[in-house]
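Notes follow the structure.
Index from 1, following the sequence.
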Amino acid sequence: MDGNYYMIHDYLIFIGVFAIFLFLTTSIYLFSQHEKLKKRNSKLSETNKLIEQRLNEVRLEHIGTKLNPHLFKNILNSVQSHAYQTYMSLDKLANVLDYILYESNNKYVSPKEELNFALSLIEINKIKINPLFDFRIKSRINKSDSLYEEKVFAPLITVDLIENAFKHTDFLAQDSFISIYMELENGIFTMKVSNKASLKNILEKEKSGFGSQSFDQRLKMIYSTYYQLERSSKNGIFTAELKINLGEFYDKMRYSG
């Protein structure tokens, strides 16, 4: 009886040791397979990111090729419509064209460069309106902001809001106006544009095609979750407000680069 007991005891110990060995072997194998899958998924994820990044670059290049000629046409129309201000117009136009031809090819420019461009573009557009027209422009730019001269701003990002304000304003209405406000404070860029638009212009704006779509696409592809764009229309007044958290976007660029 004792002999059988010890045989069963030894057998159970053997089974237990074998089960533990099998469990450990299986666990090690599964763990190694899991690590291989993780590495493979990581490589696939990196490849997908590179492909997506390249696709975004191609899309942005495609948008840029359509945007620039459209901008050229609007600027030249403004200059040609007021020959008596040719000298001032050409001076501002030279600044704008230099920026479009040279700086806009860069992936990023500084807020300083983009804001100087925006102010020149506004001055060119102002040529075609009556000097008595209610035009309001205000800027609150903190030039000591750490990002003021950093390459963190997508070139020509201010164009859409400026061009649309002039394009869709009802200049014949007595209470018509254009208001442009730009701010850079604590790494956050804000641009708010309001204008009095006719019903026809509001409807056209709501149905706007390439310009508005390309603007939204650029913002989404470049700034992802680091921006907010709000549009509203009330009592014939159209308002668009853009906020970009350049500080957080800059941190993301540095840590991912």
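- Counting all heavy atoms, side chain and backbone alike, Tyr250 lies closest to Glu150 at OH-OE1, 3.2 Å.
- Interatomic distance, CG of Leu184 versus NZ of Lys143, reported as 11.5 Å (0.5 Å rounding).
- Residues Glu183 and Lys138 are not paired through a salt bridge, judged by the lack of any N-O separation under 4.0 Å between the basic side chain and the carboxylate.
- A cation-pi arrangement is absent between Arg231 and Phe238, since the terminal nitrogen or guanidinium carbon is not both under 6.0 Å from the aromatic centre and inside a 45° cone about the axis.
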Pair Leu219, Leu242 - check side-chain contact (heavy atoms from CB on, under 4.5 Å), show working. CA-CA 10 Å; Leu219 285 171; Leu242 171 66; 3.9 Å; yes
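- With contacts defined as side-chain heavy-atom distances shorter than 4.5 Å, the pair Glu163/Leu121 qualifies.
- Between Phe135 and Phe166, the gap from one ring centroid to the other is short of 6.0 Å.
- Distance check: Asn195 CG to Asn164 CG gives 8.5 Å after rounding to the nearest 0.5 Å.
- Using bins of under 30°, 30° to 60° and over 60° for the plane-to-plane angle, the ring pair Tyr99/Phe117 lands in the parallel bin.
- For NZ of Lys151, the number of neighbouring non-hydrogen atoms (other residues, nucleotides, ligands) closer than 6.0 Å is greater than 12.
- Side chain of Asn142 to main chain of Ser144: a donor-acceptor pair is present (N/O by atom type, distance under 3.5 Å, no hydrogens or angles).
- Hydrophobic clustering keeps Tyr181 apart from Ile157 (ILVMFWY residues linked when any side-chain heavy atoms are closer than 4.5 Å, directly or through intermediates).
- To the nearest 0.5 Å, atom CG of residue Leu161 and atom CD1 of residue Ile180 are 9.0 Å apart.
- A continuous path of Ile, Leu, Val, Met, Phe, Trp and Tyr side chains, each step under 4.5 Å between heavy atoms, connects Phe171 with Ile122, placing both in one hydrophobic cluster.
- A salt bridge is absent between Asp216 and Arg218; no separation between the charged side-chain nitrogens and carboxylate oxygens falls under 4.0 Å.
- Counted by atom type alone, Ser110 and Glu113 present one or more donor-acceptor pairs between their side chains at under 3.5 Å.
- Asn106 and Glu103 are linked by a side-chain donor-acceptor pair at a separation below 3.5 angstrom, with hydrogens and angles left out of the test.
- Taking each heavy atom of Thr239 and Ser194 in turn, the nearest pair found is OG1-OG, 3.1 Å.
- Between Phe189 and Leu147, the closest side-chain pair of non-hydrogen atoms is not below 4.5 Å.
- Hydrophobic clustering (ILVMFWY, side-chain heavy atoms < 4.5 Å, transitive): Ile188 and Leu246 are in distinct clusters.
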What donor-acceptor contacts under 3.5 angstrom involve side-chain atoms of residues 222-230, with partners at least two apart or in another chain?
| from | atom 1 | to | atom 2 | distance (Å) |
| --- | --- | --- | --- | --- |
| Tyr223 | OH | Val152 | O | 3.1 |
| Tyr223 | OH | Ala154 | N | 2.8 |

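- What you find for Met191 and Ile162 is that their closest heavy atoms are CE-CG1, 3.4 Å.
- Ser176 and Lys196 make their closest contact through CA-CB, 3.6 Å (heavy atoms, listed as atom of the first residue, atom of the second, distance).
- Atoms CE and CD, on Met221 and Gln217 in that order, are 5.5 Å from each other to the nearest 0.5 Å.
- Put simply, the side chain of Asp145 never gets that close to the backbone of Ile141: no donor and acceptor are under 3.5 Å apart.
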side-chain contact (heavy atoms from CB on, under 4.5 Å) between Thr190 and Glu241: does it pass, once the steps are laid out? CA-CA 7 Å; Thr190 302; Glu241 184 172 4; 3.8 Å; yes
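- Thr158 and Ala118 make their closest contact through OG1-CB, 3.6 Å (heavy atoms, listed as atom of the first residue, atom of the second, distance).
- Counting all heavy atoms, side chain and backbone alike, Ala165 lies closest to Ile178 at O-CD1, 3.8 Å.
- Aromatic rings of Tyr108 and Phe153 (six-membered ring for Trp) have centroids beyond the 6.0 Å cut-off, not under it.
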